[in-house]
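The structure under discussion appears below in the form of structure tokens.
This chain uses plain numbering: 1 for the first residue, then up along the sequence. The figures here come from the full heavy-atom set of this structure, side chains too, leaving out hydrogens, waters and symmetry mates. What you are looking at is a predicted structure, and each value in this text was computed from that prediction instead of being measured.
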Amino acid sequence: MLKFVLPYVRNCPNGEVGNSRKHLRTHTGEKPYECSVCQNKFSEAGKLRIHLRTHTGEKPYECSVCQNKFSEAGKLRIHLRTHTGDKPYECSVCQKKCSEAGSFRGHLRTHTGEKPRECFLCHKKFSQKGNFLAHLRTHTGERPFECSVCHKKFRLGSSLARHMRTHAEKKLHKCIVCDVAFANFSNLQRHLLTHTGEKSHECAECHKKFSTGEKPYECSECQKKFGDASTLRTHLRTHTGEKPYECSECQKKFSVASTLQTHLRTHTGEKPYECSECHKTFSRAGSLRTHLRTHTGEKPYECSVCHKKFCHAGNLRYHVRTHTTGKQYKCA
């Protein structure tokens, strides 16, 4: 076979004849090493050994700082940058720095607008591999991320990580009214107010009462107060217009990280919130809460005039207009 491949090697910048057969396979496409578990094929024995760890779960490379383990030496090197802060890849357009080559390539597409990955089913295009793979699972129904505790499966690793916290937290503080448990006593105290209706904190100026506690952080622009510094920082962006969180697909910007995460689902099609009754899925937690009322019959929104109740705030607002004297919608 060597004599037929030599012409390719002579024209290849890496094609030194002394490089053994390993390099030649990049030209011939030969993959002689086959996984005995899933039949995937590889051009090098080393790549097969690394792949086998996805089946065995072996992670021989351990971080000396946090003891996280990895299946590949390269992944450990990248991980170590989270401790050192090293970001060797710098964008020549906006000077943003990245710790990984893959993240850097993805960032460059926010400037070029390139979307090289196209869904073969609906032809939607993506700039990021992760968003593309997550989108494909909305067609295939694949849920490759499984909880090791209850074996529930998820489409995204982030959804699994969020779910795992429900197992990791020890919820020792239990509500005596509805049996809901909390990891923190302060959360239980706050929850109990939903049963008692108590609003223990009163404003000295207007005597309005609140169920929340002290608000020591005040906005210098509008004097609105907040219970913690991070909420104040987020609020300040309503004055400055700062939107530091940018969508990697459409470049839309957001002032809050959680709003960006919710927005990304419009690209990926991810619906991580599932109804335990009918298994309908939703992209937002609020949509799931509203949907659950169709099963529980709960109608928390009450008309102050006739006391009719509604499960949606929008329905209550529409209903209230039937009591107003004015007609807000005039026929053209």
Side-chain angles (χ1 to χ4, degrees), residues 96 98 102-103 106-107 109-110 113 115 117 119 121-122 124-145 147 152-169 183 187 190 212 224 226-296 298 300-301 311-315 317:
K96 182 176 180 178
C98 302
S103 301
H107 166 77
R109 294 183 191 123
T110 65
K115 295 185 176 182
R117 297 175 177 88
C119 175
L121 291 171
C122 66
K124 194 171 185 179
K125 293 183 177 181
F126 299 87
S127 63
Q128 306 291 334
K129 182 181 178 181
N131 292 342
F132 170 63
L133 293 176
H135 168 79
L136 283 178
R137 292 176 193 134
T138 64
H139 294 299
T140 64
E142 182 193 7
R143 292 171 181 251
F145 302 98
C147 173
K152 188 173 182 180
K153 294 183 177 182
F154 300 88
R155 289 194 186 101
L156 290 185
S158 58
S159 299
L160 172 60
R162 183 168 53 246
H163 165 79
M164 288 300 292
R165 294 187 199 116
T166 64
H167 296 300
E169 291 180 344
N187 290 344
R190 189 157 46 247
T212 54
K224 189 172 182 180
F226 301 89
D228 57 85
S230 63
T231 308
L232 171 60
R233 281 195 298 271
T234 300
H235 164 79
L236 283 170
R237 293 176 190 140
T238 63
H239 298 297
T240 63
E242 183 193 7
K243 295 184 177 182
Y245 305 100
E246 183 176 320
C247 174
S248 57
E249 292 296 332
C250 66
Q251 288 72 58
K252 190 173 181 178
K253 294 184 178 182
F254 302 88
S255 59
V256 185
S258 59
T259 309
L260 170 60
Q261 288 167 346
T262 300
H263 165 80
L264 281 170
R265 293 175 190 138
T266 63
H267 297 296
T268 64
E270 184 204 3
K271 295 182 178 182
Y273 303 100
E274 183 176 325
C275 174
S276 57
E277 294 291 327
C278 65
H279 307 295
K280 189 174 182 180
T281 55
F282 301 87
S283 60
R284 295 186 296 163
S287 300
L288 172 58
R289 284 195 296 271
T290 300
H291 165 79
L292 283 171
R293 294 176 191 140
T294 64
H295 298 297
T296 63
E298 181 192 8
Y301 304 100
C311 60
H312 299 285
N315 291 348
R317 286 194 296 270

> Could you give the distance from NE2 (His135) to CD (Gln128), rounded to the nearest 0.5 Å?
Replying inline: 15.0 Å
> Has Arg293 got more than 12 heavy atoms of other residues, nucleotides or ligands less than 6.0 Å from its CZ?
Replying inline: yes
> Does His267 reach the side chain of Asn131, with side-chain heavy atoms less than 4.5 Å apart?
Replying inline: no
>> Using every non-hydrogen atom in the two residues, find where Tyr273 and Leu288 come nearest and quote the distance to one decimal.
In response: CB-CD2, 3.8 Å
> Counting N and O atoms only, with roles assigned by atom type, does the side chain of Glu270 sit under 3.5 Å from a partner on the main chain of Ala134, one being a donor and the other an acceptor?
Replying inline: no
> Is the number of heavy atoms from other residues, nucleotides or ligands under 6.0 Å of Arg284 CZ greater than 12?
Replying inline: no
>> Is it the case that the side chain of Thr262 and the backbone of Ser258 share a donor-acceptor pair, with hydrogens and angles ignored and the cut-off at 3.5 Å?
In response: yes
>> Could you tell me if the side chain of Arg137 sits less than 4.5 Å from the side chain of Arg143, heavy atoms only?
In response: no
> Got a second to check how far Phe254's CZ is from Thr259's OG1, nearest 0.5 Å?
Replying inline: 7.5 Å
>> I need the Leu292 CG to Glu277 CD distance, nearest 0.5 Å.
In response: 8.0 Å
>> Nearest 0.5 angstrom please: Phe145 CZ to Lys152 NZ, how far?
In response: 15.5 Å
>> Please check if the number of heavy atoms outside Lys115 that lie under 6.0 Å from its NZ is greater than 12.
In response: yes
> If you round to the nearest 0.5 Å, how far is SG of Cys247 from CG of Leu264?
Replying inline: 5.0 Å
>> For a quick test of reading the model, state the closest non-hydrogen atom pair linking His263 to Cys250 and the distance between them.
In response: NE2-SG, 3.3 Å
> In this structure, are over 12 heavy atoms from other groups packed under 6.0 Å from Lys124 atom NZ?
Replying inline: yes
>> Applying ring pair (Phe, Tyr, Trp, His ring centres under 6.0 Å), can you list everything that pairs with Phe282, at least two apart in sequence or on another chain?
In response: His291
>> Restricting to non-hydrogen atoms, name the atom on Cys311 and the atom on Pro300 that form the minimum distance, rounded to 0.1 Å.
In response: CA-CD, 4.0 Å
> How many angstroms lie between atom OG1 of Thr110 and atom NZ of Lys96, to the nearest 0.5 angstrom?
Replying inline: 7.5 Å
